[in-house]
Amino acid sequence: MGSKGYTNILTVDKSQLPHSNIILVLVGLLLRWLTGLHSYSGQGSPPMFGDFEAQRHWMEVTLNLPVDTWYFNTTENNLLYWGLDYPPLTAYHSLLCGYIAKLLVPDSVQLFTSHGHESYEHKYFMRLCVFLSDLLIYIPALLCFFSLENSTCLVQGKASKVLFLSQTFVYSVAFLYPGLILIDHGHFQFNCISLGLFVWACLHMSENNHILTCVLFCLSLNYKQMELYHALPFFFYYLGCLYKTQSIPLLLKLGTSVVATFTVLWLPFLNMSQLKQIIHRIFPLYRGLFEDKVANFWCSANVLYKFKTQFTNDQMAFICLCVTLVAILPSCVALFRSPTFTKFQLSLINVSLGFFLFSFHVHEKSILLVAIPVLLYLPKDPFPVVWFLLISTFSMFDLYVKDQLVMPSLVLMVLFYISIHHFVTQFCSGHYLLWFSFLISMFGCIVLMSFSLFLLPPLRYQHLFSLFISSYSFAHFVLFFVYFYSKQFELNFKLKHIKTT
Amino acid sequence: MMWTLFLLSSCVKLLLIPSYTSTDFEVHRNWLAITSSLPLSQWYTDATSPWTLDYPPLFAFFEYILSFVAYYFDPLMLDVNNLNYKSDATLLFQRLSVIFTDIILLYGVKECTNYFTQSKIIKPKKWTQPRSHQIVFQILLIFNTGLFFVDHIHFQYNGFLFGVLLLSMAKILQGHYYEGAFWFAVLLNLKHIFIYIAPAYFVFLLRNHCFHPNKPASLSTLSMTKLSKLGAVVVSVFAVSFGPFIGQLPQVLGRLFPFDDRGLCHAYWAPNFWALYNTVDKAAVVIVKRFDLVSVNVTNTMTRGLVENSQHVVLPSISPRVCLVLTLCGILPCCYKVWKCPGNPLHFVRCLVLCAATSFVFGWHVHEKAILLVIIPLTLLAVIWEQEARFFLLLSTIGYFSLFPLLFRPAELPTKTIIFLIQCIYSFGHISLIYQQVSSSFYRLPLLNIVESLYICNFVSVYLFDNFFMNLFGLREKFPFLNLLVISLYCS
C-alpha cells in the first residue's frame, strides 16, 4: 500500500466498446433491483421490525399528522416506535412517498393499523422508491463526476509502465460497489439520496460553482445528519479560499446560500421548542457508545478495556469528541492552508474516516460515508481505493447475516471482485509485496466470513466472530487512515516544493 | 475467459432466486417426487397431480438422479402428495439445479467456439479483432436473455438442453457425425420438442455421411455400413431410454403427445401464424355480431389461462393434421436445399433454424418459449454472416419481447425490462461492430433498414401500451408475426 514507487502519468483511456457505459449503468440497475428481491431488515420479525418499518412508519406519520407534531411524542406519535430522528428533508421525502403510497397501497400508510404492514405490493413499492431515488440522484451524480474528472492523473506505479485506466473500469467500480447496493436495496435505507447530493456538491465544487455546492451540501446535510462527517472539509475548504482571496462577495454568496437553504427547509419548525426537540431527536446522546459490533476504535478497544462501564455516557461523549478532534484537525488545518480540490478530496476521506473510527455512537453502515469519498478518489489512486471498498463491504458482513442477505452479499462481492480482478493483477505485477499483502488480506476476509457462516461460536462468547470481523476491518481502516493521511501531507509537501523551485 | 463469463452469469442467476416461479416449478417438483418415490412402472401412469410426467424417459432419469441430492435439501419435496409445496430449501435446490446444469450449456458453447478456431470455412480477415466474434457468440449464449427469462425466472431446464443441442451441432460441424447423432438422440430423449429439427439432422446425415458427399446421390453410393452404424447409435440411445417402459409404450407416448386435450394455441398465444388467425377470427366475431348476420354462440373463448380446447367461430377450426401439413410444406424446401448442396455443414445449421422457425409459425400448441429453439442456433450464424446477423437482431428482439407476458408480476417488470435493454444494446452494438457497420443515420439501427428499425422502435409503444394501459391480447401478436413470415420465406 505505502510502497514508494515512481510516479508516472496514468491516463484515463476514453476509447471503448460501443455503449459500454450504458450497459454498465443498466447492469448496476439490474443488480440493485435483483438485490431488492431478497429480504429487508426486520422482515417478518415483530414487534419492532427494522429500518424498512422505520421508513414506512415515517411515511405514515408525516402523511397523517400535522407538521408541528412530527418530532414530538404525542398520543398519536409514539416516538419509542421508530420516531422520526432524521432532519426535515427526510420527513418531506417521506411525505412525498406517503402520498404515492396512499394511491397505490393505501393500507400501508393508515395511522396505527399499518404498524408492521407487510405485503407483496408494498415491498416492491418501497423497493421502487429507493430504486428511483438511486436512478435519479446517485447514479447520474457518479456518471457526471467521473466523466469530468478524468484528464490525467498521478499514480504510484512502476517507472517503465504506463497503466491505462479505462473509463469502463472506473464506472464498473462506481456502479457495482456492493456496500451501497446492499445497504440501500437490501437492508433498506435511502443513503443514495444523501450521498448522491453529496457527490453532486463535490462535482460542483470541482467546477467552482460555489453557490450550488453550498445548496446541494446543505440539502444533503438536511437529509441525513450523518453528513456532518463531510461538513468540516467543506467548511475548511471555503475558509481557506476566503482567507486566501479575502473576497467579500464570495463570503456573501456562500453565507446567503447556506442560510437560505436552511431557512427554507426548516420553515415549518422555526421556533425554539421545535428546534430544541429536533436537535435532541437527531443527535441521540442518550444512546450508547456503540450498539452492534462496529469496526471502530471504541468497539475494538473495548475488548481490552471496558469503556462503557468505566465512564458515564456524557463523559464518554466528551472523550470521543476530544479524540475525534485530535484525529481530524491536522487534516482540516492542512486543507485550510492550501485549499485545492485534490486536497479537499483527501481531507474528506481523512475526516470521515476519523469520525468513523473515533466518534460517539457509530453505526457499521456509517462506513458508507467514508466509502463514497474514497470512491470519488478512484481515478487518482485506484489500487488502495479498490482495496478499501472491498474491506468496507466486508466490514458490514455481520449486518448481512442478520438481514438474511448473505447470498446477495456474497454474489455482489464476487461480481465486484471479478470486475476489478484484471486491474488488480495488472497493477500488482512486479510488486510482489503489494500483491502478497493484498492476497493475505482477502484471504483473511474469506476465512472470517466462512467462520461466521459455518461455525457455531462458543457459548461464552456469542459475538466472537462478529468481533473478529470488526477488529479485522478496524486494523485495515487504521492502516488506510495512516495511508490517506500521509497522502494528504505528501501532497502538501509536493506543492510547497513546486512553489519554492 | 469462458469460466469468468459463466461465473458472472451464475452470480446474476443466484440473485434471481427469489423471483417469480410459474407452475413449471411445481411441475418439476412433482416429477422429482414421482421419480424418487414411485416405482418405475408408475412413472407414466401416476396422476396424483394434474402435472403429469410428459417429458421423455431420459429426462425422468435425470430427475431421478436429482432427487438423490434433493433429499439433503428438503425430503418433504419428494412426497408425491405434497402438492404445491414450495419451501425455501425446495426453491433453493431447484434453482441451484438449473444453475449447475447450465455447465452443459457452457460445454456446448465451448465446443462451438472450438469449431470457430479450427474451421477453415470462416475467413477471419473480415474481423478487426480475430476473436471478437467468438466472444460475442459466447456472451450472447451464456448471458442469453431468453434463458434468463425462461429458466431462471419462469423455471425450466432449457439451458442444459440447449447445451446438449449446441454440443451435437458442434460435433456435426466438426465432422464427428456419430457423436453428433448420439447427442441429438440423447436430446430427443430429454425433451421431445426437439423433434421439430430432426428432419434437418436426418437429411444432413443421410446425404453427407451415408451417401458420398462429393458424388450425386444414388442408391449405388449409399453406404450401408455407415447407415447401420448411425442407426445403431440412435437406436441404442432410444433403447436405453424407452427400454424400461417397453410394456407401457402407448401410455408413455400418449403422455408425450397429448393431441387430444391440448388446443391449437397455448394458454398465452405464441406470436405465430395461429395467433394472427385467431385475431382474424375474433375480429370476424365482432363484425358478425355487430351486423347481426348469424347468431353465434360465443361461450368458448380462447386464452382463458388453462390448457383447454377451443373452437373457432367464423373461420374453420384447425386440426393437428393441417398444422402438420403446413409445417412439412415449410420444412421441405430447406431440407431439399441441404440435400442438393452437401458438404457445407453451415447449410445444415441454417436448415435447422428454418425447421425450428417453420414449426414455430405453423406448429400445433406452440409455446412462446419455443422461439428459443430458433434464436439459439441462429446465434451461431449471426456471428458468421451479415445477412443472418440481421435476422438474428430482428428475431431475438422480437422473440425476447414476446416472452414478456410470461413474467407478469410487478416485481419482474424492472428485471425483464433491464435485461432486455442490456440484450438489445449489447447485440446491436457488438454485432454491428463485428461487421464494422456503424449506424449511418440517426433513424436507422445498425444493420437494419428503415422499415425494420421503425418496427423495432414500435416495441417501445407496444411496451408502454402493455404496461401502462390495458393489456389487450391479439394486438401484440400482430407485430411479431410479419417478420417470422419473412424468415420462413427466406429459404436458401
Side-chain angles (χ1 to χ4, degrees), chain A residues 16-40 43-44 104-105 119-128 130-132 134-135 172 176 178 181-182 185-186 404-422, chain B residues 1 3-21 88 91-92 95-96 99 128-129 132 135-136 139 143 145 148 152-153 407 409-434 436-439 445-446:
Chain A
Q16 54 200 316
L17 291 167
H19 317 302
S20 55
N21 292 343
I22 306 178
I23 292 182
L24 271 175
V25 172
L26 285 171
V27 169
L29 286 176
L30 180 69
L31 295 178
R32 283 166 167 75
W33 183 259
L34 292 184
T35 309
L37 299 179
H38 294 255
S39 75
Y40 46 80
Q43 183 166 348
L104 297 175
V105 202
S119 67
Y120 174 83
E121 287 79 15
H122 182 243
K123 177 178 172 184
Y124 290 108
F125 164 72
M126 297 288 273
R127 292 298 196 195
L128 199 63
V130 185
F131 185 77
L132 288 180
D134 208 336
L135 178 64
S172 64
L176 303 186
I181 301 184
L182 285 164
H185 300 264
Q404 300 178 318
L405 287 169
V406 174
M407 216 216 351
S409 67
L410 293 179
V411 164
L412 288 175
M413 281 188 233
V414 170
L415 274 175
F416 184 69
Y417 183 73
I418 292 175
S419 69
I420 60 169
H421 175 76
H422 179 65
Chain B
M1 175 69 187
W3 282 103
T4 317
L5 288 178
F6 183 70
L7 194 62
L8 283 174
S9 75
S10 301
C11 284
V12 179
K13 290 166 190 172
L14 283 171
L15 282 180
L16 279 168
I17 286 180
S19 290
Y20 155 81
T21 56
D88 287 347
L91 182 70
L92 186 68
R95 291 282 201 205
L96 282 181
I99 294 169
T128 39
Q129 294 154 307
S132 69
I135 292 170
V136 171
I139 289 182
F143 291 89
T145 311
F148 273 137
H152 302 282
I153 301 179
L407 322 168
R409 289 203 320 184
E412 273 69 44
L413 182 65
T415 317
K416 66 186 182 186
T417 315
I418 298 172
I419 295 183
F420 180 72
L421 282 178
I422 294 175
Q423 138 81 28
C424 289
I425 294 171
Y426 181 82
S427 58
F428 276 95
H430 285 245
I431 289 184
S432 60
L433 199 71
I434 293 181
Q436 295 187 319
Q437 267 223 3
V438 185
S439 184
L445 291 169

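The aromatic rings of Phe6(B) and Trp3(B) sit perpendicular to each other, their planes meeting at more than 60°, with 30° as the lower class boundary. Aromatic ring orientation, Phe131(A) versus His185(A): perpendicular (interplanar angle above 60°, classes split at 30° and 60°).
Looking at Leu412(A), the atoms closer than 4.5 Å to chain B (heavy atoms on both sides) all sit in the side chain, from C-beta outward. Contacts of Ile22(A) with chain B are made by side-chain atoms alone, with heavy-atom separations under 4.5 Å and no backbone atom involved. Both the backbone and the side chain of Leu26(A) come within contact range of chain B, with heavy atoms under 4.5 Å apart.
Counting heavy-atom pairs closer than 4.5 Å to chain B, the top residue among Met407(A), His38(A), His421(A) is His38(A).
Applying the ring-ring contact (aromatic ring centres under 6.0 Å, His included) criterion to His122(A), with sequence neighbours excluded, gives Phe52(A), His117(A). Partners of Arg127(A) according to the salt bridge (Lys or Arg N to Asp or Glu O under 4.0 Å) rule, which considers only residues two or more places apart in sequence or in another chain, do not exist here.
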